[in-house]
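Structure record follows, encoded as structure tokens.
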Amino acid sequence: MIFQNKLITWYLIHKRDLPWRHTNDAYVIWLSEIILQQTRVEQGLPYFNKFLENFPTVTDFAAASEAKVLKLWQGLGYYSRGRNMHNTAQIVVNNYNGIFPTLHDDLIKLKGIGEYTAAAISSFSSGEARAVVDGNVFRVLARYYGIDTPINSPEGKKQFFKLANELLYTEDPALYNQAIMEFGAIQCKPKSPDCSICPLNIECYALKNNAVGQLPVKLAKAEKKHRYFNYLVSTVDDKILVRERQAGDIWQHLYDFPCIETTGFSTEEDETLEFTVKSNFGGETEITFISYKKHVLTHQIIHVRFFALKNYIFNFNKQKELNWVSFNTLDELPQPNVIRNFIEENF
DNA sequence: AATCCGGGGGG
DNA sequence: CCCCCAGGATT
């Protein structure tokens with residue numbers, strides 16, 4: 001138990017004071033865990049406070065509209081987390097009488113809760129003996145034990161999951177889980193950790209073998225795709241033409257503008273753009289360039305051009321997803337950051 | 001097994 | 001510029 005004891009001892013001295021560590025309410029822990037998926041603590045903290053303020057209980061959460069949830073989520077990214085939370089809150093109210101489950105086997109069935117989150121909520125709220133395996137745990141174990149199996153391969157996931165559960169300190173799973181994650185976040189951090197002050201530096205495989213910078217191993221990611229969005233901006237009086245994005249692409253159920261996607265911004269492709277604009281909005285339609293923005297996502301780089309749309313004919317029957325909204329209404333609708341920023345810069 | 005899903009901070 | 005972040009769902 002040397003490994004576990006040292007981690008816990010380190011944790012009790014160095015842990016940050018974070019609000020979700022003061023509760024064992026599964027609902028509150030769920031809020032924090034979903035928000036913190038692929039998200040740094042400092043980035044997620046204001047969102048955690050905002051959600052808890054707006055939805056003190058899971059019943060409050062379930063009663064809200066999906067748009068309200070996504071509006072609160074705006075700017076945090078990975079919006080399926082918000083949609084899944086909305087669904088899960090309603091399942092908890094309808095099937096669990098509004099009492100948030102605390103057992104792994106119940107939690108894992110809920111949308112947006114996978115192995116990591118089920119282990120986190122169950123151990124933190126009910127003390128269930130489930131080891132968390134997140135990015136921090138991968139890194140600490142890979143370095144300490146010198147495991148070079150890629151952490152994003154199926155074998156790697158199985159191997160690390162098995163080891164993590166063997167190491168779990170079953171006398172206090174919650175404490176141990178918090179300890180190893182905090183240790184990974186603060187001491188055994190991704191880049192240039194200060195191993196001279198690490199309590200595990202004597203036994204650490206990576207430090208002994210000068211491999212701290214090489215572990216953990218990760219399989220190469222797919223190359224980012226380039227996409228070219230031509231947004232058509234149209235305002236009449238205090239209203240603006242918006243589109244609700246649908247399933248099958250990024251930013252599902254968020255709002256942007258009518259958009260014509262092309263394969264590039266070359267002269268030839270711009271002729272295609274103009275042709276498409278006129279066939280959709282009438283032959284007299286004119287577009288004038290406003291601004292360009294590059295927007296980078298995990299798997300795509302989106303080149304965004306904004307155009308002012310003029311002299312067009314608008315057919316609601318052909319363009320069902322489009323809608324006129326006032327700027328006041330728009331402020332209540334969830335939007336991707338690139339749209340939000342454009343609106344704030346131009347209106 | 002591979003790909004998709006955001007946005008921001010830090011080296 | 002590149003990497004990573006209290007991952008999960010879909011194909």
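Chain naming here is simple, since letters A, B, ... match the order of the sequence lines and numbering starts at 1 in each.
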So, does A/T117 get its side chain near the phosphate of C/dG8, meaning an N or O under 4.0 Å from OP1 or OP2?
yes

Is the shortest side-chain N/O distance from A/R21 to OP1 or OP2 of C/dA6 below 4.0 Å?
no

Go through [options] for me and flag the one nearest to the [X] side chain.
{"X": "A/A185", "options": "C/dA6, B/dC5, C/dC5", "value": "C/dA6"}
{"X": "A/Q300", "options": "C/dC4, B/dC5, C/dA6", "value": "B/dC5"}
{"X": "A/P154", "options": "C/dC4, C/dC3, B/dA1", "value": "B/dA1"}

Nearest-angstrom distance from the residue atom [atom1] of [X] to [atom2] of [N]:
{"X": "A/K224", "N": "C/dC4", "atom1": "NZ", "atom2": "P", "answer": "12 Å"}
{"X": "A/M85", "N": "C/dG7", "atom1": "CE", "atom2": "P", "answer": "14 Å"}
{"X": "A/R227", "N": "B/dT3", "atom1": "CZ", "atom2": "C1'", "answer": "14 Å"}
{"X": "A/N84", "N": "B/dC4", "atom1": "CG", "atom2": "C1'", "answer": "14 Å"}
{"X": "A/I34", "N": "C/dG8", "atom1": "CD1", "atom2": "C1'", "answer": "9 Å"}
{"X": "A/E182", "N": "C/dA6", "atom1": "CD", "atom2": "P", "answer": "9 Å"}
{"X": "A/L36", "N": "C/dG7", "atom1": "CG", "atom2": "C1'", "answer": "11 Å"}
{"X": "A/H299", "N": "C/dT10", "atom1": "NE2", "atom2": "P", "answer": "16 Å"}

Separation of the C1' atoms in C/dC5 and B/dG6, to the nearest angstrom
12 Å

Given the P atoms of C/dG8 and B/dG8, what is the spacing between them in whole Å?
22 Å

Assess whether a salt bridge exists between A/R130 and A/E115, defined as any Lys/Arg side-chain N lying under 4.0 Å from an Asp/Glu carboxylate O.
no

Test your reading of the model: is there a side-chain donor-acceptor pair from [X] to the backbone of [Y], 3.5 Å cut-off?
{"X": "A/N230", "Y": "A/E274", "value": "no"}
{"X": "A/R245", "Y": "A/Y255", "value": "no"}
{"X": "A/E128", "Y": "A/I121", "value": "no"}

With sequence neighbours left out, what residues match A/N54 under side chain to side chain contact (heavy atoms under 4.5 Å, CB included)?
A/K50, A/K68, A/L72

Determine the contact category for [X]: base if any of its heavy atoms lies under 4.0 Å from a base atom, sugar-phosphate if only primed atoms, P, OP1 or OP2 are that close, otherwise nothing.
{"X": "A/K221", "value": "sugar-phosphate"}
{"X": "A/W20", "value": "base"}
{"X": "A/K225", "value": "sugar-phosphate"}

[X] vs [Y] aromatic rings, parallel, tilted or perpendicular, using cut-offs 30° and 60°?
{"X": "A/Y47", "Y": "A/W73", "answer": "tilted"}
{"X": "A/Y312", "Y": "A/F281", "answer": "perpendicular"}
{"X": "A/W30", "Y": "A/Y27", "answer": "tilted"}

Quick check on DNA chain C: between A/G112 and A/L18, whose nearest nucleotide comes earlier from the 5' end?
A/L18

Specify the residue among A/P190 and A/G114 whose closest nucleotide of DNA chain C lies further upstream toward the 5′ end.
A/P190

Only residue of A/W10, A/F3, A/Y176 satisfying ring-ring contact (aromatic ring centres under 6.0 Å, His included) with A/F183 is A/W10

When you check every protein heavy atom under 4.0 Å of nucleotides 6-11 of chain B, what one-letter string (B, S, -) results, 5' to 3'?
BBBSB-

Hey, does the Lys NZ or Arg CZ of A/R305 hover above the aromatic six-ring of A/F265, less than 6.0 Å from the centre and inside 45° of the axis?
yes

Can you tell me which stems involve DNA chain B, if a stem is defined as three or more consecutive Watson-Crick or G-U wobble pairs, both distances under 3.5 Å?
B:1-5 with C:7-11, B:7-11 with C:1-5

